[in-house]
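Okay, so here's the structure we're looking at.
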Amino acid sequence: MNKDASSTKEYKPQEIEAFWQKKWSDDKTFTPSLWTDPKPYFNLMMFPYPSAEGLHVGNMYAFTGADVHGRFKRMNGYQVFEPIGLDGFGIHSENYALKVGRHPAEQAKISQKNFYRQLASTGNGYDWTRTLETYDPDYYRWTQWLFIQMFKSGLAYRKKAKVNWCPSDKTVLADEQVIDGKCERDGAVVEKRDLEQWFFKITDYSDRLLAGLDKIDWPEKVKIAQKLWIGKSKGARLKFKVDSQNRELEVFTTRPDTLYGATFMVISPEHPLVEEILSGADANISKRIIENIKQYVVEAKNKTEQDRTATDKEKTGVESGLLATNPVNGAKIPIWIADYVLMGYGTGAIMAVPAHDERDFAFAKKYNLPITEVIEPKGGSVAHHPRPTSSLKDSDAVARRGSPNRATPNLPFVGEGRIINSESWNGWEMPESIDKVIEWLKENKIGKEESNYHLRDWLISRQRYWGPPIPMIYCKKCEEEGKGEREDMPGWYSAPLDQLPVLLPDVTDWKPMGSGESPLASHPEFYNTTCPSCSSVARRETDVSDTFLDSAWYYLRYLSIGDTKNMSKDIKTDKNGQEENDGSKVPYVPGIIKRWCPVAIYIGGAEHSVLHLLYVRFIAMVLHDLKNQPQNLALEFEEPFPRFFAHGLIVKDGAKMSKSKGNVVVPDAYINKFGADTLRLYLMFIGQFKDGGDFRDSGIEGTNRFVKRVWNLFNTVEFGPDSEETLRMINKTIKEVTNDIESFSYNTAIAKLMEFYNHISDDKKWSKETATSYLKLFAPFAPHMTEELWKNMELGEGSIHFSSWPEHQEKYLETNEVIVPIQINGKRRGEITVSSKDIKDQAKVEEKAKEIVSAQLEGKEVKKAIYVPGKIINFVV
RNA sequence: GCCUGGGUGGUGGAAUGGUAUACACGCACGCCUUAAGAGCGUGUGGCGAAAGUCAUGCGGGUUCGAGUCCCGCCCUAGGCACCA
């Protein structure tokens, strides 16, 4: 090897990278033919929302990691489809437009240009013929189509709902923008406002969304997050008679087995029964009590969400003056009103079992309500002396052992145990006890089995400007006549499909109004229309849809644009003679979807665990069920992403990168200075792809040094026969780097490439085969430089990205010798060299080690030898 | 409180139960330079002159052998949280 660098060509990444990026784009190197390619591989990465000042290194990190995977698959013979687009509709982008004082549409144009320029400069192998932007009318036409399908399937409906209202921003906020009851932007306490809203019935799919999780290869933490979000609780719904009122009070409980321990009931301040009481329907309730209730309800209403849900808040409540009857033992128990019971879950009413529920227990203690124990802990006979409450941790509540029937236990017992004090149920044990009790309650017509879910319907309306107008039309006349597209929603019609898209008008007063209405509501030229049914004057919906709807189906659209946009052409090339969609019925070409979906791998951030990643599964299931359309157009799969990889986050100086902290790093300056290859290599090197890493300027210079060294080496290399050492090293490197890239362990892959360089660069010859293999291993990380070297060295025809991955060179391993350390009783006592063909032969290895071992035995005897082939031999004496 | 991850040099981080600290940063010394920079080379966990010996958050255990497996703690990051 020539170490004199003065004669080598200087490494100029700017020139090399510009050249190759143009060539890839001109040659359509990364544009697969969607109809004909034999081994399709849809390598999908979460598309960015271009709301900030530009692509930052956190984005680039994610995209580069995904691109390394794509290039690896391409070199393994797959036809990789790696598309990119912009999630530019929605509140993030609109907020950014507000901040910089530009019209969102104008800002979108600027952002789009900048983002695509930045994305291209990273050298990722994107298919630039199939980009999409969610604000493109040709895209949101189909987002609106999707809304209409939801409506026609009965999955979209309207109801009055409380929305988050930020008094400082004068706008509604999405749930995800509310953190601890405060606006994420300015920290103002969020209020609730009642508004008529559109919802999607995602709750209809609760069980399927839950069941699907078992079938997909996703990080466990994401699955758990979705499971908890859906939050299925099995239990029972029970009826209690209310005294002196001719009605029943229904409750939901997960612990019907504790029914004999129900000593009072609690209803939420919003419960309908409260209004009945306040209306004075029951003459037996004293004025004083009604006054108390009135006051309490007003207080509860005025509390912020934050105050009401604070965990360590002391419980409060008032007596309702009503009594209920416990259906199993006929006990008269008081009904209380307290805000620790939420109207939004279950029935808004509970049976309180203070002996076995921490919240009920705290409430009972405070208001001196009776506590009856009905569950005896397993092994409950074991006596346990009471300890002072102050020294008890909460976790002790679960472990508490106590004798039953104690008048006032210190803590509720919430673990599993045996039923006591419950007549015929006595002795039943968890978990069978719950099923048996439910069976008993059914037979006695007291209750029935029921499950409740944490998941709520998806609030889809946004009173904003920058989104797809909800394509619905309201006709007052039809409503009065009780007519409508759907029987349950008189007056409402979906916009006729041939009139899509309902264009978002270009208006100057686009800023949020603060009235609870979208800015579109002040534009009669937008909302005035005619009723699709009776042709009288009608009004368009003026809200837009949630940005998560835009991103819930985009992966399908990637496969339906570019050369597939003119779909009639593709119908002719479909050799199966199957009649294909002409693009007017569904937003995709079923034949192409069949080939490329479900997506081979989805790569993105785990922060989308329960929003995007849940919605996208939901929408796929809806399109799988596809009602009101020919069934051959429905999706064949239910789970769009059978495999999802969650990458880590890039932090800067130990802190999460964010605009508010002012530590956002934009890649442009680094690409200009060092080149994209250096930055890619650096980003992939700083930690496991699943973990992320800490971005530091000092580290990138080291990577740059390495890139330059490799460049110089290849520019001065003289090919010759490999040394034994080189053969052994390249074989090992190929093997390990392949495994590492396959398992997203990019940082160790790069470390091994560096290690190989260190071994090989100094005065050692290597063969052309070794050089090619090394370059190929390098290519996914530093695509431009390796292409350039590949070309300069005339190593083969065409782009390196279509050449195959290096074959394992097992044959070399056989000629090698391996050093095996010798241990005696686990302590290192020397080493021997073993030839590869003897590696698995323990007897031979023992024989070889004999001399060294016997010299150190000091009269002791070898009891046994433990041999780990090629790794270690340990003699036990 | 509950659920996930994670605690290894000065730093980022490697280690299918098998030579702990790969690779890189930083630092030190040297070469080359008038000099600086770049580049190249050598060294770099602690203690010890050395043989050695002690080190992977803390305390136990299993094993010929534990960063890795088991039990009990501590700390830390993220997610969820009055969901009956």
Side-chain angles (χ1 to χ4, degrees), chain A residues 3-6 219-225 227-229 231-233 235 251-255 258 265-266 268 308-313 315 338-342 344-353 356-360 362-363 393-395 397-398 452-456 606-607 609-610 648-649 651 654 656 681-682 685-688 690-691 693-703 705-706 708-709 712 739 745 747-758 762 819-828 831 863-877:
Chain A
K3 286 198 323 189
D4 179 10
S6 62
E220 209 51 36
K221 62 173 174 180
V222 177
K223 287 201 207 178
I224 290 170
K227 227 169 241 177
L228 292 176
W229 189 262
K232 181 173 185 169
S233 307
V251 301
F252 171 74
T253 177
T254 55
R255 294 293 305 274
T258 62
M265 300 185 81
V266 185
S268 158
R308 256 188 87 162
T309 57
T311 45
D312 43 6
K313 192 198 73 166
K315 303 216 171 345
D339 66 4
Y340 82 91
V341 172
L342 310 171
Y345 186 81
T347 60
I350 62 162
M351 63 175 215
V353 184
H356 306 292
D357 181 279
E358 288 175 44
R359 294 151 304 179
D360 297 344
F363 195 79
K393 283 178 282 180
D394 286 345
S395 57
V398 177
N452 264 280
Y453 300 85
H454 176 223
L455 186 68
R456 304 295 155 78
E607 70 271 21
S609 290
V610 289
L649 293 177
V651 299
K656 205 183 208 169
L681 206 57
Y682 172 65
F685 183 61
I686 53 182
Q688 290 274 351
K690 68 175 166 59
D691 295 334
D694 198 350
F695 190 91
R696 283 158 204 246
D697 286 8
S698 59
I700 198 169
E701 285 173 20
T703 316
R705 270 201 285 277
F706 174 60
K708 282 198 257 181
R709 282 195 285 241
N712 289 338
N739 287 338
S745 194
N747 59 335
T748 54
I750 293 166
K752 279 158 195 164
L753 292 172
M754 289 177 171
E755 195 181 358
F756 180 74
Y757 170 89
N758 290 344
D762 193 26
I819 294 164
V820 178
I822 298 170
Q823 295 181 349
I824 296 174
N825 282 352
K827 300 256 181 192
R828 191 180 171 151
E831 62 187 35
K863 283 184 198 143
K864 60 174 172 175
I866 297 149
Y867 178 55
V868 184
K871 294 269 184 173
I872 201 148
I873 181 155
N874 184 26
F875 293 90
V876 184
V877 298

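Labels below follow one simple rule: chain letters A, B, ... track the order of the sequence lines, proteins then strands, and each chain is numbered from 1.
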* Asked: When you measure from the side chain of Glu755(A), which nucleotide among U4(B), A22(B), G18(B) comes out closest?
  -> A22(B)

* Asked: G18(B) and C70(B): how far apart are their P atoms, nearest whole angstrom?
  -> 15 Å

* U16(B) phosphate, OP1 or OP2: any side-chain N/O from Asn739(A) under 4.0 angstrom? -> no

* Asked: So, do Tyr682(A) and Phe695(A) have ring centers that fall under 6.0 Å from each other?
  -> yes

* To do: Select one nucleotide: of A84(B), A81(B), U16(B), the one nearest the side-chain heavy atoms of Ile350(A).
  => A84(B)

* To do: Could you tell me whether the side chain of Gln823(A) reaches within less than 4.5 Å of the side chain of Ile866(A), counting heavy atoms only?
  => no

* Earlier contact from the 5' end, RNA chain B, for Gln688(A) and Ile824(A) -> Gln688(A)

* To do: By nearest nucleotide on RNA chain B, pick out whichever of Ile750(A) and Asp691(A) is the more 5' one.
  => Asp691(A)

* Classify the nucleic acid contact of Asn825(A) as base, sugar-phosphate or nothing, counting any heavy atom under 4.0 Å across all strands shown. => sugar-phosphate

* Structure fact -> Scanning all shown strands, the Watson-Crick or wobble mate of U11(B) with both distances under 3.5 Å is A24(B)

* **Inter-nucleotide C1' distance (U42(B), A77(B)), Å rounded** => 40 Å

* Structure fact -> The Watson-Crick or G-U wobble partner of C73(B), with both key distances under 3.5 Å, is G57(B)

* Under-3.5 Å donor-acceptor pair between Glu607(A) side chain and G79(B) base -> no

* Given C23(B), A84(B), G12(B), the nucleotide with the shortest approach to the side chain of Asn758(A) -> C23(B)

* Asked: Relative to each other, are the rings of Tyr340(A) and Phe363(A) parallel, tilted or perpendicular (30° and 60° limits)?
  -> tilted

* To do: List the steps and the verdict of side chain to side chain contact (heavy atoms under 4.5 Å, CB included) for Met351(A) and Val353(A).
  => CA-CA 6 Å; Met351(A) 63 175 215; Val353(A) 184; 3.8 Å; yes

* Structure fact -> So CG of Asp694(A) and CD1 of Ile686(A): to nearest 0.5 Å the spacing works out to 7.0 Å

* Asked: Asn747(A) has a side chain; which of G13(B), C23(B), G18(B) sits nearest to it?
  -> G13(B)

* Side chain of Val868(A) only, please: which of A84(B), A15(B), U16(B) is the nearest? => U16(B)

* Side-chain touch Val876(A)/Asn825(A), heavy atoms, less than 4.5 angstrom -> yes

* Provide the distance between the two C1' atoms, one in C32(B) and one in G41(B), to the nearest whole Å. => 11 Å

* To do: Compare side-chain N and O positions of Ser233(A) against OP1 and OP2 of A84(B) and report whether any pair is under 4.0 Å apart.
  => yes

* Hey, what do you get for OG (Ser745(A)) to NZ (Lys752(A)), rounding to the nearest 0.5 Å? -> 6.5 Å

* **Protein-nucleotide distance (Glu701(A), atom CD; A38(B), atom P), rounded to Å** => 8 Å

* To do: Provide, to the nearest angstrom, the distance between the CZ atom belonging to Arg705(A) and the P atom belonging to C25(B).
  => 5 Å

* Structure fact -> Rounded to whole Å, CZ of Phe695(A) lies from P of C25(B) at a distance of 15 Å

* **Interatomic distance at C1', A22(B) relative to G9(B), whole Å** => 13 Å

* Asked: What is the base-pairing partner of A49(B), counting Watson-Crick and G-U wobble geometry with both distances under 3.5 Å?
  -> none

* Please work out if Gly702(A) contacts a base, only the sugar-phosphate, or nothing of the nucleic acid, heavy-atom cut-off 4.0 Å. => sugar-phosphate

* Selected nucleotide, minimal atom distance to Val341(A) side chain, candidates U19(B), A84(B), C23(B) -> A84(B)

* When the distance from CD1 of Ile700(A) to P of A24(B) is rounded to whole Å, what number comes out? -> 16 Å

* To do: Would you mind reading off the distance between Asp694(A) atom CG and G26(B) atom C1', rounded to a whole angstrom?
  => 15 Å

* Select base, sugar-phosphate, or nothing to describe what Leu228(A) touches, counting heavy atoms under 4.0 Å on all strands. => nothing

* **Complement of G1(B), any strand, by Watson-Crick or G-U distances under 3.5 angstrom** => C80(B)

* How many Å lie between CD1 on Ile872(A) and P on U19(B), as a whole number? -> 5 Å

* Candidates A81(B), A84(B), U19(B) - which lies nearest the side chain of Thr254(A) -> A84(B)

* Asked: Roughly how far apart, to the nearest Å, are C58(B) and G65(B) at atom C1'?
  -> 23 Å

* Whole Å only: how far is the CZ atom of Phe756(A) from the C1' atom of A14(B)? -> 20 Å

* To do: Would you kindly give the OH-to-P distance between Tyr340(A) and C82(B), to the nearest whole Å?
  => 14 Å

* Asked: To the nearest 0.5 Å, what is the distance between CH2 (Trp229(A)) and CG (Leu455(A))?
  -> 8.5 Å

* Name the closest nucleotide to the Thr748(A) side chain, picking from G18(B), A15(B), A24(B). => A15(B)

* Between G26(B) and A35(B) - C1' atom distance, rounded Å -> 24 Å

* Closest to side chain of Ala751(A), choosing from A22(B), C82(B), C40(B) -> A22(B)

* Asked: Which of these nucleotides, A81(B), A84(B), A14(B), is closest to any side-chain atom of Tyr345(A)?
  -> A84(B)

* If pairing requires Watson-Crick or G-U wobble contacts with both distances under 3.5 Å, which nucleotide is the partner of G39(B)? -> C31(B)

* **Identity of whatever pairs with G17(B) - Watson-Crick or G-U, under 3.5 angstrom** => none

* To do: Please measure how far the P atom in U68(B) lies from the corresponding atom in U8(B), and state the result in whole Å.
  => 14 Å

* A28(B) versus U16(B) - spacing of their P atoms, nearest Å -> 34 Å

* No-H, no-angle donor-acceptor pair, Lys221(A) side chain to C3(B) base, under 3.5 Å -> no

